[in-house]
Protein chains: 2
Amino acid sequence: MPRHRITQADVAAMAGVSQATVSFVLNDSTPAGVRISEETRQRVLDAIRITGYSANPVAQRLAGGHNQILGVFTYEATFPRAGRDFYGPFLVGIEHAAEKLGIDILLFTSARVVDGRRRLTRDGWQRLGIADGCLLLGQHEDRGELQHLLDTNYPFVFIGKRGSDGGRLPYVGADYVTATARQVERLVTLGHERIGYVGPRGTDQPTLDRVDAYRATMKAHGLTVRFVELDDVAATAAEIVDQRLTAVVVAPENYPEELVDELERRDVRVPEDVSFLLLGQPHHGRPGGRRWSGFSIPREEMGARALVLLSRLVAADTGPTRSGRRATRGLTVPEDELHQLLECVDVDGETVAAPPARRRAAAPVRPAAPARPAPATAPGV
Amino acid sequence: MPRHRITQADVAAMAGVSQATVSFVLNDSTPAGVRISEETRQRVLDAIRITGYSANPVAQRLAGGHNQILGVFTYEATFPRAGRDFYGPFLVGIEHAAEKLGIDILLFTSARVVDGRRRLTRDGWQRLGIADGCLLLGQHEDRGELQHLLDTNYPFVFIGKRGSDGGRLPYVGADYVTATARQVERLVTLGHERIGYVGPRGTDQPTLDRVDAYRATMKAHGLTVRFVELDDVAATAAEIVDQRLTAVVVAPENYPEELVDELERRDVRVPEDVSFLLLGQPHHGRPGGRRWSGFSIPREEMGARALVLLSRLVAADTGPTRSGRRATRGLTVPEDELHQLLECVDVDGETVAAPPARRRAAAPVRPAAPARPAPATAPGV
DNA sequence: TCAACGCGATAATACGCATTATTACGCCGG
DNA sequence: CCGGCGTAATAATGCGTATTATCGCGTTGA
């Protein structure tokens with residue numbers, strides 16, 4: 001066990017060549033006018049094998065190379081609970097892919113938190129450079145930061161679809177549009193007509209996609225769209241009752257559990273009186289929570305795919321060479337890999353049923369339904 | 001926006017001083033015979049403020065300094081599911097602490113997997129150097145690796161108590177001994193006498209601690225110890241019945257769910273006929289799983305505490321200076337911080353009750369108990 | 001005979017920072 | 001007038017690698 005790490009110089013000495021030669025052999029590159037004879041190449045390789053040399057990633061990076069580290073930056077300040085629950089599955093996918101690719105993952109947890117979300121300040125930005133590239137998770141707004149990213153040509157991939165603001169930005173997202181449309185179709189097929197959309201009207205991409213799909217599908221069936229925007233849970237529940245909705249599709253970020261509680265407090269049963277379809281997994285799951293119907297986002301796969309994409313982008317990039325010319329290596333990443341939308345998978349829970357027989361809100365007095373209603377048992381189907 | 005990152009040289013130019021001076025001011029250190037006047041100090045600080053300079057962590061590290069990155073190495077190959085479930089809470093704590101301390105977390109996911117577990121090969125070892133120090137999660141065996149760690153004086157902290165093999169190794173663990181003893185006491189207080197220990201007889205520290213505590217507590221009450229070692233679930237269940245146990249303390253790593261299923265298949269009810277106390281959270285939780293009684297390990301806090309400890313160790317170390325003398329900086333970490341045992345917290349679930357009235361295994365015919373048994377309802381208490 | 005050229009490889013440099021060695025200057029005592 | 005000392009800082013070096021510029025030498029064509 002040598003007391004100091006084995007360097008290329010050590011290997012070089014053993015092989016009787018120069019450090020540069022070792023570097024060339026390692027990188028398997030002969031940059032314009034450098035030849036290495038097969039014989040010395042072998043000699044160097046032997047020396048590497050014997051010494052057990054392995055590159056120092058730090059030096060590698062400083063010298064402008066790649067170091068097999070990819071960063072993960074989450075905009076939302078995550079903890080203590082909600083965040084981890086949401087990002088966890090992404091990370092599982094990311095780590096899984098990283099393991100396969102022999103890549104280490106750097107979590108940028110040090111970034112300053114401003115107004116409850118992490119910022120890519122000049123400080124944070126500088127730190128990104130430690131890694132070959134970076135995965136960006138979560139919604140964010142700052143245009144300037146994005147521009148900076150693009151300017152410097154630093155490799156990165158968003159997890160979550162990017163809309164109008166940056167068609168150029170590489171991302172791996174979930175296909176909310178198709179998935180949402182499928183949910184509405186499902187309700188229509190069951191016979192629902194008064195189908196509402198419950199959720200905030202933000203400008204984030206998931207919301208836009210969900211609303212668009214809802215609107216389009218309803219229109220396709222000649223049904224009236226009915227939006228219920230959340231102020232507080234009680235008001236929302238009241239609105240659902242008032243509008244005599246028999247089904248709602250619900251954005252998952254707004255405490256659907258509480259909403260259903262509130263409805264049941266008003267003697268409205270789910271799903272007998274009102275069906276609930278969740279457009280994504282609930283963000284704030286309760287331990288004994290109900291089994292929602294709707295769809296789920298393939299978070300693990302998104303994470304994995306994003307990492308793979310990023311590693312390809314990195315490979316296609318020469319890295320921050322001092323000469324400044326970050327020419328692509330010929331390996332260009334095809335356009336259709338740059339923007340990936342993954343299918344969501346439908347979830348059959350226990351919150352969907354055919355609409356009640358009578359169109360008007362049913363009388364509060366009705367026989368108690370079994371805990372897990374078999375659709376056949378529901379009256380009038 | 002300058003196209004290249006701002007370096008100390010840039011700052012130096014602006015302040016009209018040398019790069020070295022900037023470095024000194026930044027590190028707030030005047031190494032033996034170097035004086036910086038208050039006036040130039042301010043000038044440099046101003047320049048730093050104006051330029052928005054922030055150190056390049058890679059260069060920092062290469063030059064032998066610290067870079068505010070701490071590594072996390074997990075021995076167990078984790079995915080797809082079980083691992084994340086187990087390590088997740090630790091990571092939550094780790095990240096939380098890291099955020100507070102302004103530290104980034106590097107997950108060493110690239111390490112080679114040999115025989116189902118990650119190894120700190122020469123390769124992996126070299127990579128550790130990227131970070132200032134490293135957290136080690138999970139059981140492992142290789143003595144050589146440990147020795148190497150100690151030899152090189154690389155700062156690290158284990159999560160999970162280290163026993164005989166390395167009293168010198170810094171760790172943050174859970175107090176299995178006290179917690180296990182408490183569980184046995186709990187059963188004794190309820191009137192149990194035939195209390196078994198179900199679990200493997202490994203040599204890992206958690207097992208040793210649990211077994212010791214079980215043995216000691218039983219002895220203190222003059223009760224006979226009864227070990228049930230798992231081969232397969234059916235055999236274990238049979239053994240529990242044969243030995244007419246009224247309660248068992250169970251190591252959580254061995255599918256207690258399945259065991260209870262098997263018992264109920266034999267008309268043995270939990271907890272009416274047999275109480276189950278879990279010595280830690282179940283490793284393989286089922287979604288709709290039962291609410292176990294027992295104790296839970298404060299994983300988040302362990303993660304957080306370990307990270308804080310590690311950062312202190314790093315601070316107390318001058319880092320890998322080329323001069324080779326890694327003298328402590330005067331800041332020594334006190335012994336009692338080097339080895340921390342955290343209290344486990346008792347969990348009141350639904351798997352414990354007083355022993356059945358009759359000593360012999362009760363007749364299979366007995367009234368069905370309510371789903372969540374109130375101890376008062378249990379017959380014969 | 002000599003420039004040109006291909007081959008094989010090395011020397012030199014830069015990356016950005018920490019650290020060690022060295023310098024410049026003014027002042028004091030002898 | 002000079003050596004010595006304290007102050008304030010700078011020059012120089014090294015970390016380990018990637019890359020660029022350069023070199024020595026034998027062969028070849030003119």
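We name chains A, B, ... by the order of the sequence lines, and we start the count at 1 in each one.
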With distance as the sole criterion, do the side chain of A:Gln8 and the base of D:dA18 form a donor-acceptor contact below 3.5 Å? no

Pairwise side-chain contact, B:Leu106 with A:Ile130, heavy-atom cut-off 4.5 Å (strictly under): no

So which heavy atom on A:Gln8 is nearest to which on A:Val22, and how close? O-CG2, 3.8 Å

Candidate nucleotides C:dG16, D:dA12, D:dG16, ranked by approach to the side chain of B:Ala20 - the nearest: D:dA12

If you check the A:Ser18 side chain, which of D:dT17, C:dT10, C:dC17 turns out closest? C:dT10

Taking atom P of C:dC17 as reference, at what distance in whole Å does atom CD1 of B:Ile48 sit? 11 Å

Any side-chain heavy-atom pair from A:Thr7 and A:Asn56 closer than 4.5 angstrom? no

CG of A:Asp28 versus P of D:dT19: gap in Å, rounded? 13 Å

Residue-level proximity of residues 36-44 of chain B to DNA chain D when a heavy atom falls under 4.0 Å: B:Ile36, B:Ser37, B:Thr40

Applying a 4.0 Å non-hydrogen cut-off, can you work out what B:Ala9 is touching in the nucleic acid: base, sugar-phosphate, or nothing? nothing

Nearest whole Å is fine: how far is C:dG16 P from A:Arg127 CZ? 16 Å

Output the rounded distance in Å from CG (B:Asn67) to P (C:dA18). 11 Å

Taking C-beta and beyond as the side chain, do A:Thr21 and A:Val34 meet within less than 4.5 Å on heavy atoms? no

Separation of D:dT17 C1' from B:Ile130 CD1 (nearest whole Å): 14 Å

Angle class for the A:Phe90/A:Tyr87 ring planes (parallel below 30°, perpendicular above 60°, tilted otherwise)? tilted

From CZ of A:Arg61 across to C1' of D:dT17 the rounded distance in Å is 13 Å

Once side-chain hydrogen bond (donor to acceptor under 3.5 Å, both in side chains) is applied, do any residues pair with B:Asp46, and if so which ones, sequence neighbours excluded? B:Arg49

Euclidean distance, atom CG of residue B:Asn56 to atom P of D:dC15 [Å, nearest integer]: 18 Å

Taking the side chain as every heavy atom from C-beta outward, state whether A:Val333 and A:Leu338 have any pair of such atoms under 4.5 Å apart. yes

Just so I know, are the side chains of B:Leu70 and B:Val314 near enough to count as touching, which here means a heavy-atom distance under 4.5 Å? yes

Closest-nucleotide mapping onto DNA chain C: is B:Gln60 or A:Arg35 further toward the 5' terminus? I mean the 5' end. A:Arg35

Does any non-hydrogen side-chain atom of A:Val17 lie less than 4.5 Å from one of A:Ile36? no

Please round to 10 degrees the angle between the axis of the first five pairs and the axis of the last five pairs in the helix from C:dT1-D:dA30 to C:dG30-D:dC1. 90°

Would a 4.5 Å heavy-atom cut-off, applied to side chains only, mark A:Ser110 and A:Arg127 as touching? yes

Can you name the residues that form a ring pair (Phe, Tyr, Trp, His ring centres under 6.0 Å) with A:Phe158, not counting sequence neighbours? A:His140, A:Phe156

Could you run down the sub-3.5 Å N/O contacts of the protein with nucleotides 23-26 of chain D?
none

Residues two or more places apart in sequence or in another chain: which of them pass side chain to side chain contact (heavy atoms under 4.5 Å, CB included) with B:Ala98? A:Thr109, B:Ile103, B:Ile105, B:Leu307

On DNA chain D, nearest-nucleotide positions of B:Leu62 versus B:Gln19: which is more 5'? B:Gln19

Taking CZ from B:Phe24 and C1' from D:dA9, how many angstroms apart are they, rounded to a whole number? 9 Å

Measuring from the side chain of A:Tyr53 (C-beta onward, heavy atoms only), which nucleotide among C:dG16, D:dT17, D:dT10 has the closest atom? D:dT17

Would you mind classifying the nucleic acid contact of B:Val22 as base, sugar-phosphate or nothing, using non-hydrogen atoms under 4.0 angstrom? nothing

